A.B. asks: 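Take this structure first; my questions come after.
Below, read A as the first sequence line, B as the second, and so on, with proteins coming before strands; counting in each chain starts at 1. Predicted model, so just to flag it, every value in this text is computed and none were measured.
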Amino acid sequence: MDQDAHDRLQTEEVVAASSPALAERGTRFGADQRAQERFKSRARRARDYSTKCSPRGCALCYHPVPLNPDFTLRKTVYGAVMAKGITKRSEDYSQWYIDVVLKAEMADYSPVKGCMVIRPTGYGIWEKIQEHLDRMFKETGHVNAYFLLFIPESFLKREAEHVEGFAPECAVVTMGGGKLLEEPLVIRPTSETIIWDTYRNWINSYRDLPLLINQWANVCRWEMRTRLFLRTTEFLWQEGHTAHASHEEAEEETMKMVKVYQRFAEEFMAMPVLVGRKTEREKFAGALHTYCIEALMQDGKALQAGTSHHLGQNFAKAFDVKFQDRDEQLKHVYATSWGVSTRLIGAMIMVHSDDKGLVVPPRLSPRPVVFVPIWRGDDEMRVVLDKAREITRDWDALFYHIDARDQYKPGYKFNEWELKGVPLRIEIGPRDVQQGTVVAVRRDTGEKTSLSMDGLREQLERLLNDIQDNLFRIAKQRRDDSTFTVNSYDDYKAGIDKGGFFRVFLDHQNSEVEQRLQDDTRSTIRCIPFDASDEEGPCMITGKACRGRVIAAQSY
RNA sequence: CGGGGUGUAGCGCAGUCCGGCUAGCGCACCUGGUUUGGGACCAGGGGGUCGCCGGUUCAAAUCCGGCCACCCCGACCA
């Protein structure tokens with residue numbers, strides 16, 4: 001079906017389907033004539049803007065009550081001027097971040113508050129993250145499965161701490177098919193409950209253990225304040241959920257996965273991280289303890305980039321998941337869960353990017369090399385493009401891209417690809433063709449080098465490795481330069497607003513200490529690092545003797 | 001929920017005080033031509049319920065009343 005016919009069909013169906021239904025619902029909910037008119041116009045607008053609007057599935061057309069009659073769509077920002085107009089980091093870091101996300105076309109605002117559209121440039125990076133992590137999960141014995149989006153409300157209430165932690169930020173579906181549901185369905189904020197309810201049926205014997213499953217999914221948490229990629233109402237993530245026969249084995253798994261995250265962050269994202277344990281206050285709702293990786297952004301704020309939880313027997317008890325052990329006893333299983341999300345994309349941006357735009361580490365780049373051909377007139381165009389195609393004939397198609405667009409001049413393309421963070425740009429013009437060379441330009445340093453066309457692929461791979469290493473080195477240097485060791489609370493208060501990780505003595509078992517820290521300084525204990533020394537000292541707030549320094553910082 | 005800001009074409013804005021021609025400008029977009037080693041140029045063209053509702057008026061983007069949305073900064077929070 002051609003697009004026009006498709007649109008016509010949808011229009012007719014939507015109007016036919018929505019108007020009577022709306023009118024009926026309007027009556028049912030006691031809405032007056034005007035509200036109905038408004039809602040019809042809202043549905044019409046939704047139809048106009050949503051070409052995918054299916055008469056059976058469109059949430060906008062089928063919404064039972066016009067929650068907000070003056071519904072308006074958010075403005076979108078794409079398509080206009082590119083790198084021009086990126087706020088400098090030094091001027092306004094938050095605005096810089098937003099500018100980079102929007103202008104590099106990573107994501108866009110959406111008609112729904114707090115939600116975003118992940119555009120191909122951003123989604124391509126998520127796919128690379130998935131590709132590498134998925135491999136690492138499978139290499140460590142995990143398999144993928146998919147559970148469900150909807151969680152019966154009662155499930156969430158089964159684990160006391162868990163429900164307390166998540167209830168306030170849950171979205172709940174109360175209607176389906178035009179009728180009130182028997183039991184409201186929570187849109188998953190995380191899947192422990194539904195998964196453990198399922199695991200009960202899958203686990204009988206110690207021979208069924210360990211059960212090592214991962215899920216790639218979307219989740220929904222109704223946050224008060226959202227930021228592109230860092231905290232959105234709906235986001236994408238992976239959540240691993242494992243079941244084990246013993247506490248020790250679950251602990252080993254929890255530790256193993258936080259280390260997988262560390263390796264991924266450092267080797268693929270070129271992002272150095274601290275690895276450690278969360279305090280009681282900061283741990284996952286329902287866990288015995290939580291391990292995490294913490295990264296430092298360029299503005300000196302910390303960002304939690306991944307977590308791994310030892311859930312003990314809490315969920316097994318709440319959902320009655322037992323197995324018969326070798327000793328013939330019935331025992332509750334031990335659980336872990338671990339996850340990273342599209343927040344990692346935000347981390348990548350804030351660790352590596354610069355005032356010219358995005359900087360993508362080569363290993364996260366969907367196409368790390370872009371050719372910008374240069375020509376004068378049709379003859380040269382043919383020669384240059386033919387040469388570029390000849391050079392790349394045997395290359396992996398996902399290694400490079402030839403930007404043959406004729407409506408932009410090379411200079412424009414240079415800026416555009418820099419804005420989008422492509423690690424390596426290859427300039428190839430008539431002179432190069434004659435000399436058998438190309439010019440390679442690194443995104444990280446801006447350095448230009450002339451390379452021979454012979455063995456170009458290998459030279460580029462070397463360069464990419466160099467860029468990857470360099471990005472990590474710079475990020476690590478910055479992190480180390482922004483990590484401070486202080487002993488007095490006064491010194492801490494004097495320094496904390498400037499950002500950075502602070503190695504301090506704090507009585508982290510006392511939640512009042514953390515509360516006071518937060519009230520005084522808007523900072524928190526990010527983690528109790530694994531590699532903390534045995535050094536002893538007085539808590540900088542209470543003076544109580546502590547062993548080992550913790551990491552405190554302001555955070556996102 | 002508090003503070004600040006903004007709603008006029010896809011984006012950025014002018015016009016609003018002091019009501020009045022057909023609502024402008026730059027970028028982007030379309031057509032044709034010339035260009036192309038760091039954001040090209042010329043000519044022509046398309047695109048706007050001025051956030052929404054109501055009021056005042058011969059006449060409202062502009063004045064009055066009400067509402068809504070979004071962004072930023074806080075508060076809150078895995």
Side-chain angles (χ1 to χ4, degrees), chain A residues 34-35 37-38 41-42 44-45 48 67-85 87 92-99 102-103 108-114 161-162 164-170 189-190 192 219-228 230-231 235 237 278 281-287 290 292 304 306-307 309 337 339 341 343 356 372-378 380-381 384 403-419 425-433 437-439 441 446 448 450 518-519 522 524 555-556:
Chain A
R34 180 176 294 160
E37 286 307 314
R38 279 175 181 159
S41 113
R42 177 170 170 256
R44 200 181 320 122
R45 273 204 250 184
D48 291 346
L67 293 175
N68 172 8
D70 288 312
F71 172 85
T72 54
L73 285 160
R74 287 210 203 183
K75 294 289 168 76
T76 53
V77 190
Y78 52 81
V81 191
M82 309 264 298
K84 286 175 184 164
T87 307
D92 183 343
Y93 193 81
S94 295
Q95 192 57 47
W96 165 80
Y97 175 77
I98 293 162
D99 288 349
L102 296 178
K103 296 199 167 156
D108 214 341
Y109 290 113
S110 75
V112 178
K113 182 178 159 67
E161 217 177 297
H162 192 65
E164 196 188 324
F166 282 103
E169 52 187 86
C170 284
T190 179
E192 272 77 5
V219 287
C220 182
R221 297 181 186 180
W222 217 265
E223 303 287 351
M224 281 175 170
R225 193 166 154 225
T226 54
R227 291 171 70 99
L228 295 165
L230 297 178
R231 176 176 283 116
F235 57 96
W237 78 347
K278 283 287 180 193
R281 240 174 100 88
E282 297 273 325
K283 75 172 189 186
F284 178 73
T290 290
C292 64
Q304 177 175 295
T307 47
H309 318 291
S337 69
S341 72
R343 171 179 257 201
K356 288 196 285 189
V372 178
I374 293 146
W375 62 72
R376 251 179 247 271
D378 288 354
E380 282 188 5
M381 176 172 88
V384 169
D403 184 356
R405 290 175 300 175
D406 194 26
Q407 69 267 41
Y408 298 115
K409 288 179 68 179
Y412 182 92
K413 296 180 184 175
F414 296 167
N415 285 288
E416 181 178 344
W417 293 116
E418 276 166 8
L419 171 62
R425 178 175 81 239
I426 305 302
E427 304 175 9
I428 177 169
R431 287 207 300 274
D432 296 298
V433 173
T437 60
V438 297
V439 175
V441 187
K448 293 189 181 188
S450 185
Q518 190 167 0
D519 293 346
R522 289 189 291 125
T524 49
S555 69
Y556 278 99

A.B. asks: For the pair made of CG in A:Leu102 and P in B:G10, what is the distance, rounded to whole Å?
C.D. replies: 17 Å
A.B. asks: Report the nucleotide, chosen from B:C29, B:G37, B:G38, that has the shortest atom-to-atom distance to any side-chain atom of A:Glu418.
C.D. replies: B:G38
A.B. asks: Measure from the side-chain N and O atoms of A:Arg343 to the backbone N and O of A:Gln304, and report whether any donor-acceptor pair falls under 3.5 Å.
C.D. replies: yes
A.B. asks: Step through it carefully: locate the ring centre of A:Phe284, locate the ring centre of A:Phe166, and say whether they are under 6.0 Å apart.
C.D. replies: yes
A.B. asks: Under a 4.0 Å N-O cut-off, is there an ion pair linking A:Lys283 with A:Glu161?
C.D. replies: yes
A.B. asks: In terms of side-chain heavy atoms of A:Asp406, which of B:U35, B:A78, B:C77 is nearest?
C.D. replies: B:U35
A.B. asks: With a 4.5 Å limit on heavy-atom distance, are the side chains of A:Ile374 and A:Val384 in contact?
C.D. replies: no
A.B. asks: Expressed as a whole number of Å, how far does the P atom of B:A9 sit from that of B:U62?
C.D. replies: 15 Å
A.B. asks: Suppose you measure atom C1' in B:C67 against the same atom in B:C72; what distance do you get, rounded to whole Å?
C.D. replies: 22 Å
A.B. asks: Across the strands shown, which category fits A:Val439 at heavy-atom distances under 4.0 angstrom: base, sugar-phosphate, nothing?
C.D. replies: base
A.B. asks: Does the base of B:G38 carry an N or O that pairs as donor and acceptor with the side chain of A:Arg425 under 3.5 Å?
C.D. replies: yes
A.B. asks: Taking the basic N atoms (NZ, or NE/NH1/NH2) and the acidic carboxylate oxygens, is any pair closer than 4.0 Å for A:Glu416 and A:Arg405?
C.D. replies: yes
A.B. asks: Please state the P separation for the pair B:U35 and B:G24 - nearest whole angstrom.
C.D. replies: 35 Å
A.B. asks: Measure NZ/A:Lys409 against C1'/B:U35 and give the value in whole Å, please.
C.D. replies: 7 Å
A.B. asks: Mind calculating the distance between CZ (A:Phe284) and P (B:C77) to the nearest angstrom?
C.D. replies: 17 Å
A.B. asks: So what does A:Glu169 touch, heavy atoms closer than 4.0 Å: a base, only the sugar-phosphate, or nothing?
C.D. replies: sugar-phosphate
A.B. asks: With a 4.0 Å cut-off on heavy atoms, is A:Arg343 in touch with a base, just the backbone sugar-phosphate, or nothing at all?
C.D. replies: base
A.B. asks: Expressed in whole Å, how much space separates the C1' atoms belonging to B:G4 and B:A78?
C.D. replies: 28 Å
A.B. asks: Out of B:U36, B:G39, B:C72, which nucleotide sits closest to the side chain of A:Tyr412?
C.D. replies: B:G39
A.B. asks: Write down the distance between CZ (A:Arg522) and P (B:A75), rounded to a whole number of angstrom.
C.D. replies: 6 Å
A.B. asks: Specify the residue among A:Ile428 and A:Gln518 whose closest nucleotide of RNA chain B lies further upstream toward the 5′ end.
C.D. replies: A:Ile428
A.B. asks: Taking B:C11 as the reference, what is the distance to B:U22 when you measure between their C1' atoms (whole Å, please)?
C.D. replies: 25 Å
A.B. asks: Check for a donor-acceptor pair, side chain of A:His162 on one end and backbone N or O of A:Ala285 on the other, with a separation under 3.5 Å.
C.D. replies: yes
A.B. asks: Students often get this wrong, so: under 4.0 angstrom with heavy atoms, is A:Pro168 touching a base, only sugar-phosphate, or nothing?
C.D. replies: nothing
A.B. asks: Please measure how far the C1' atom in B:U56 lies from the corresponding atom in B:C13, and state the result in whole Å.
C.D. replies: 30 Å
A.B. asks: Of the candidate nucleotides B:U36, B:A78, B:C72, which contains the atom at the shortest distance from the side chain of A:Ser94?
C.D. replies: B:C72
A.B. asks: Is the shortest side-chain N/O distance from A:Tyr556 to OP1 or OP2 of B:C77 below 4.0 Å?
C.D. replies: no
A.B. asks: Examine the base of B:G37 for any acceptor or donor lying under 3.5 Å from a partner atom in the side chain of A:Lys448, and report the outcome as yes or no.
C.D. replies: no
A.B. asks: When rounded to the nearest Å, what value does the distance between P atoms of B:G47 and B:G3 take?
C.D. replies: 44 Å
